[in-house]
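Below is one structure; the comments refer to it alone.
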Amino acid sequence: MSSQIDHLLTETRRFAPSAEFAEQANAHADLYDEATADREAFWAEQARALHWEKPFTKALDWSNPPFATWFEDGELNVAYNCLDRHVEAGHGDRIALLWEGEPGDERRVTYAELTDEVKRLANVLTDLGVESGDRVAIYLPMIPEAVASMLAVARIGAIHSVVFGGFSADSLRSRIDDAGAKLVITSDGGYRKGKISPLKPAVDQALGDRGHGPQETVEHVLVVKRTENEVSWQEERDLWWHDLVPAASADHVAQPFPAENPLFILYTSGTTGKPKGILHTSGGYLAQAAFTNKAVHDLHPETDVYWCTADIGWITGHTYVTYGPLANGATQVIYEGTPDTPHPGRWWEIVAKYGVTILYTAPTAIRSFMKLGRSIPEQHDLSSLRLLGSVGEPINPEAWMWYRHVIGGDRAPIVDTWWQTETGAIMVSALPGVTETKPGSAQVPLPGISLDVVDDQGQEVGNGNGGLLVLTEPWPSMLRGIWGDPERFKETYWDKFADQGFYFAGDGARLDEEGDVWFLGRVDDVMNVSGHRLSTTEIESALVGNEAVAEAAVVGASDETTGQAVVAYCVLKNSYTQAHDLEGVVDALRKWVGDQIGPIARPRDVYIVTELPKTRSGKIMRRLLRDVAEGREVGDTTTLADTMVMATIKGQVIGK
Ligand code: 6R9
């Protein structure tokens, strides 16, 4: 069976940046030429935008693949680069964090204040016996202390492992155990959907006996007071942040560490099995984080108000909340809560209140706003927005158009950015002042990035064809391994194309006639209908292109005649359900897909549901929908944001 993925949908709309935007943009077309002329020299130049205590003499060492080093003989301090150097340059009074709590409380933290807090915390950590190379777990809501914690751990050369605050005690325990964390930083709780979501109790449970005895490596738990809920206390082990940090000295000289000093471990659950601890190091990671934030988000730190809506529990929050923007001296919004609390316009109210100029968010959020309708964002002044970004999933052309029109006022360029926890930073995207964008395409590899789309044998499929996305050359922010498991690292990412030395990303992609990249979803989700390999993304895009549909998920379910059949789950727009009789909508949608992209893609079944199963970072979990479509017991739902969703969907499907 060929691994080529059939292509069915054609998009002809094009959007070039305005002359004004192009004029002021950080990134110009010459970056591509520079990178092509000498890739390693290009990255070395980007890395020199950082402060190196000891300059490096060499960019890449790829003599022992797949283990790369970048800027290996250089030394730097990551936190110094994100904090002290801005203060020393006279920007201490610039606001680093415009923080908004869910209940409406706010804090403005300047670079000088954040530097001071991080220095104090670094002293506290050292006093608690945390040394370079030690692991610290961070389990916090989106509060300034979360960013400060990451930076303080980095400052002393230790390794953080941020665990998303929505994860359960069991998930937290397995991550603490795997990393062998010495310290946990948490809070009493955080605000979520108008309620207190307790965190310290989950830490207590995680550290207790979960069946194999109490946790053994954690010596202390440092607790921020946020929500003032009652928490139980273990003397000796538990410490209040407010007792220790303000009392600690604010004198702390950042020591330089080698460029390849580990910076953090971040666990990704993947589709199956034990979470993988993705390991990132310092110099290469920070260089690519800062460069991409500047070039792709077009960040102008003196004038922009930047907002990346991701939680620090995900890679997007690491690279584009903490490290990239702070390395660049940005002023950014951080919001603690959910988009719909206390009202569905909360995000747009925040954009208007702070005059946000750059907004970076996920397609899942955009589609949920589409479901509610444009009248909600239209009640707020969004005219400050000048650049929009998307990350996390393919963005369907209709969602892209809606984002452009309703949020960006047909004015702000959109950058659809493809990357992974493993890649550390953006790899494929438009450059907003250069690229003529196509709705739904992630466009082109960034300067300095080399990729290809290949078949199962690693042969280039060429323009006009679909296949597997590979990265053909190492890049500065690439993962350096899986924590404690070098074999799994090789097996997962490098064995498939060992002969060619390609990194296998696990995503399907197509190169259009002009060589632009279109992502087609995870390779594991590709369907095989009568010998045609169909991507989930294209059929979902066709469905979202229908006036009735806000969100869609498509899976292949086994079928006696066709091998697999297309089964679609659709969430309808509120405006549509209020104005129309739903009789006949299922047949109309099946026909619509057939008309839009061809009879082979016509779904055998269309189910109208009220929600889709998603991970906590907003990605659709098609595996579970396949279980329902094939009438199986629904598999492991522990990574679902809302575990009740599957029961609801089953009810809606069986109710047909
Ligand atoms: C940054 C992040 C990585 C996977 C990736 C791909 C999907 C992310 C995308 C996209 C199409 C985009 N993905 N961005 N697919 N277009 N712009 O999301 O990291 O959580 O590790 O997920 O997300 O499938 O392989 P992570």
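Start at 1 and go down the list; that is how both ligands and their atoms are numbered.
In terms of protein heavy-atom proximity, atom 11 (C) of ligand 1 is closest to Pro394 N, 3.1 Å. Counting protein heavy atoms only, atom 18 (O) of ligand 1 is closest to Lys619 NZ, 2.8 Å. Looking only at protein heavy atoms, the nearest one to atom 12 (C) of ligand 1 is Glu393 O, 3.5 Å.
Thr357 and Asp304 are linked by a side-chain donor-acceptor pair at a separation below 3.5 angstrom, with hydrogens and angles left out of the test.
The shortest distance between side-chain heavy atoms of Met478 and Tyr493 does not fall below 4.5 Å.
With ring centers used as reference points, Phe489 lies 6.0 Å or more from Trp483.
Taking the six-membered ring where the residue is Trp, His280 and Phe264 present tilted rings, their angle falling between 30° and 60°. The aromatic rings of Tyr323 and His160 lie parallel to each other, with less than 30° between the two planes, well short of the 60° mark.
Near Thr316, meaning under 4.0 Å from one of its heavy atoms, ligand 1 places the atoms 1 (C). Interface of Ile315 with ligand 1, defined as ligand atoms under 4.0 Å from a residue heavy atom, comprises 1 (C), 19 (O).
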- prompt: Checking salt bridge (Lys or Arg N to Asp or Glu O under 4.0 Å) for the pair Arg192/Glu336: CA distance, chi angles, key distance, verdict?
  reply: CA-CA 8 Å; Arg192 222 190 115 70; Glu336 178 188 33; over 6 Å; no

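Under the 4.0 angstrom criterion for non-hydrogen atoms, Val391 is in contact with ligand 1. Remark: distances from the non-hydrogen atoms of Gly392 to ligand 1 include one below 4.0 Å.
Taking only non-hydrogen atoms, the option from Asp507, Thr417, Thr421, Val523 nearest to atom 6 (C) of ligand 1 is Asp507. Closest heavy-atom approach to atom 10 (C) of ligand 1 within the set Trp419, Phe519, Trp418, Tyr320: this belongs to Trp418.
At a 3.5 angstrom cut-off on N or O pairs, Arg522 counts as close to ligand 1. Ligand 1 has an N or O atom lying under 3.5 Å from an N or O atom of Asp416, backbone or side chain.
Salt bridge status for Asp524 with Arg623: absent, with no side-chain N to carboxylate O gap under 4.0 Å.
Nearest heavy atom pair, residue Arg622 against residue Val554, reads CD-O, 3.5 Å.
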